[in-house]
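Read through the structure below, which is laid out as structure tokens, and then see the notes.
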Amino acid sequence: MCGRGALTLSGDRCRRIAGGDGRKTKTRGCERLRTKYNLGPMNYVPVVRTVEESAEALSREVCAMRWGLVPSFAKRAEDFDAFKGGSSTFNARVEGAESSNLWRRLLDRRRCVVLFDGFYEWKANGKSKTPMFIRNRDEYDGHTIPWSTKTDEEPTKMEESADESKIDGPEHAPLFLAGLYDVWHQKDGLGISRALVLLWIGLRKVLTWT
DNA sequence: CCAGACGTTGTT
DNA sequence: GTCTGG
DNA sequence: CCAGACGTTGTT
DNA sequence: GTCTGG
């Protein structure tokens with residue numbers, strides 16, 4: 001599926017979209033986000049995830065992660081870089097995720113929501129291909145990712161800042177894409193990098209995951 | 001037992 | 001980390 | 001997944 | 001055309 005995206009969202013705007021309580025939702029590394037209309041694997045993308053402060057205290061975080069998952073057990077990052085002969089890990093099929101050694105271990109506690117303005121699908125026209133941009137049709141109405149996992153709960157809105165949130169970003173609503181992430185520690189022990197994969201699944205289920 | 005994989009898209 | 005194949 | 005490069009000489 | 005980099 002998606003191998004290209006568009007991103008204009010700033011870290012601050014992502015934080016408002018992520019919702020929660022402004023005091024609880026932090027950003028991390030969002031200065032690495034760049035406006036791009038042709039965003040691909042290896043670029044930084046905004047990820048909304050839940051952080052366990054303690055057993056009882058959960059907080060929400062918007063974190064810039066690189067697109068393309070490197071599992072924590074990887075010996076070399078290249079082994080999970082499809083463009084260097086490794087496994088292709090910037091997309092995942094949801095149908096088989098539960099029976100995959102690679103994905104299964106991430107399904108419970110490494111879920112996230114990835115924010116994109118939209119993504120491209122390539123339509124074949126005989127010998128050439130034409131990019132079709134896919135995004136939400138509607139304008140952004142201040143909808144935020146809810147805290148509750150209950151599906152029957154009404155979507156929450158940011159009553160006070162709905163107007164403000166339209167100021168510094170695109171008018172249309174962002175896409176909420178389901179993702180899995182992991183944290184990979186380099187063998188030399190110095191660096192830590194995070195990476196994610198997009199997991200293709202319906203929006204309704206994405207929201208229940210948050 | 002150890003070694004090696006662990007994935008995706010799109011197609012004649 | 002965890003499973004499969006040899 | 002697409003975009004972009006694709007090279008040489010001669011050197012503190 | 002083919003490979004690398006993002």
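Lettering follows sequence order; numbering is per chain, from 1.
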Which class fits the ring pair A:Tyr120 and A:Phe133: parallel under 30°, tilted 30 to 60°, perpendicular over 60°? tilted
Please confirm whether the shortest side-chain N or O distance from A:Asn38 to OP1 or OP2 of D:dA3 is below 4.0 Å. yes
A:Phe80 side-chain proximity, nearest of B:dG7, B:dC6, D:dC2: B:dC6
Do any side-chain nitrogens or oxygens of A:Arg93 fall under 4.0 Å of OP1 or OP2 in B:dT9? yes
Which whole number of Å gives the distance between the P atom of D:dT8 and that of B:dG4? 38 Å
Atom NZ of A:Lys75 and atom C1' of B:dC6: how far apart are they, to the nearest Å? 11 Å
With rounding to the nearest 0.5 angstrom, report the CG to OG1 distance, A:Asp117 to A:Thr8. 3.5 Å
Among A:Leu115, A:Thr35, A:Leu33, the one residue meeting side-chain contact (heavy atoms from CB on, under 4.5 Å) with A:Leu7: A:Leu33
Rounded interatomic separation in angstrom, taking CG from A:Leu102 and C1' from B:dG4: 14 Å
For a 4.0 angstrom threshold against heavy atoms of chain A, report the outermost contacting nucleotides of DNA chain C in 5' to 3' order. C:dG1 to C:dC3
Can you measure A:Leu106 atom CG to B:dC6 atom P for me and round it to whole angstrom units? 16 Å
For D:dG7 versus E:dC3, give the span between their C1' atoms, rounded off to a whole number of Å. 15 Å
Result for salt bridge (Lys or Arg N to Asp or Glu O under 4.0 Å) between A:Glu61 and one of A:Arg15, A:Arg49, A:Lys26 points to A:Arg49
Taking all atoms of both residues into account, what is the closest heavy-atom pair of A:Ala82 and A:Phe90, and its distance? CB-CE2, 4.3 Å
With sequence neighbours left out, what residues match A:Arg137 under salt bridge (Lys or Arg N to Asp or Glu O under 4.0 Å)? none
Quick check for you: to the nearest 0.5 Å, what is the distance between A:Asp79 atom CG and A:Thr89 atom OG1? 10.5 Å
I want to check a possible cation-pi pair here: A:Arg13 against A:Tyr140, using under 6.0 Å from ring centre and within 45° of the ring axis as the test. yes
Counting the atoms with a prime plus P, OP1 and OP2 as sugar-phosphate, which does A:Gly86 contact under 4.0 Å by heavy atoms, base, sugar-phosphate, or nothing? base
Below 4.0 angstrom from OP1 or OP2 of B:dT8, is there any side-chain N or O of A:Trp103? yes
Report which part of the nucleic acid A:Asn101 touches: base, sugar-phosphate, or nothing (heavy-atom distance under 4.0 Å, all strands). base
Rounded interatomic separation in angstrom, taking CZ from A:Arg76 and P from B:dG4: 13 Å
Heavy atoms of A:Cys14 and A:Leu9 approach each other most closely as SG-CB, 3.7 Å
Whole Å only: how far is the CZ atom of A:Phe73 from the C1' atom of B:dG7? 11 Å
Rounded to whole Å, how long is the line connecting atom CZ of A:Arg105 with atom P of B:dA5? 18 Å
Euclidean distance for P, B:dA5 against D:dC6 (whole angstrom): 33 Å
For DNA chain D, what dot-bracket results from Watson-Crick or G-U pairs at under 3.5 Å, with [ ] for crossers and | for inter-strand partners? ||||||......
Length of the line joining A:Glu78:CD and B:dG7:C1', which is rounded to integer Å: 16 Å
Selected nucleotide, minimal atom distance to A:Trp122 side chain, candidates B:dT8, B:dC6, D:dC2: D:dC2
Please state how far atom CG in A:Asp81 lies from atom C1' in B:dT8, giving the value in whole angstrom units. 13 Å
Is a side-chain donor or acceptor of A:Asn43 paired with a backbone partner of A:Trp67 at a separation under 3.5 angstrom? no
